[in-house]
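Positions are given from 1 along the sequence.
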Amino acid sequence: MKQFNEGDVVYFVSSSVFIKKATVIRNAGGFCTIRFSDGNCGTSGTRVRESKLYRTEEEAKKVVEQHQNTKVIRN
């Protein structure tokens with residue numbers, strides 16, 4: 001079952017630190033093709049797993065915070 005549909009606004013965590021806003025342009029086989037809102041990729045898209053996308057910015061922020069907390073523990 002698809003978690004996201006074409007046209008949905010999603011949030012992607014890049015480098016475990018940066019949250020990028022994107023739009024789903026295609027969804028098939030558990031992967032979504034997304035286009036970032038900032039336009040850095042031009043008209044092309046990036047293909048990622050559905051599990052790497054979040055519906056809200058708050059969900060993505062929680063993931064970033066969890067990563068930062070585990071990074072502190074490892075040092």
- Message: Is the shortest side-chain heavy-atom distance between Cys32 and Leu53 below 4.5 Å?
- Response: yes
- For residues Val13 and Lys52, determine if any side-chain heavy atom of one lies less than 4.5 Å from a side-chain heavy atom of the other. no
- Linked hydrophobic residues, Val17 as query - side chain contacts closer than 4.5 Å: Phe18
- Message: I'd like to check the salt bridge (Lys or Arg N to Asp or Glu O under 4.0 Å) partners of Arg55; sequence neighbours left out, ordered by chain and number.
- Response: Asp8
Do [X] and [Y] sit in the same hydrophobic cluster, where Ile, Leu, Val, Met, Phe, Trp and Tyr count as joined when their side-chain heavy atoms come under 4.5 Å apart?
X     : Y     : result
Val48 : Ile25 : no
Phe4  : Ile34 : yes
Tyr11 : Val63 : yes

- Message: Please find the pair of heavy atoms, one from Glu50 and one from Gln3, that lie closest to each other, and give the distance.
- Response: OE2-N, 3.2 Å
- Query: If every non-hydrogen atom of Thr23 is compared with every non-hydrogen atom of Ser37, which pair is closest and at what distance?
  - Reply: OG1-OG, 4.5 Å
- Item | Any donor-acceptor pair under 3.5 Å from Glu59 side chain to Tyr54 backbone | no
Give, for atom [atom1] of [X] and atom [atom2] of [Y], the distance between the pair rounded to the nearest 0.5 Å.
X     : Y     : atom1 : atom2 : result
Thr46 : Arg35 : OG1   : CZ    : 10.0 Å
Ile19 : Lys61 : CD1   : NZ    : 6.0 Å
Arg47 : Asn27 : CZ    : CG    : 9.5 Å
Phe12 : Lys20 : CZ    : NZ    : 8.0 Å

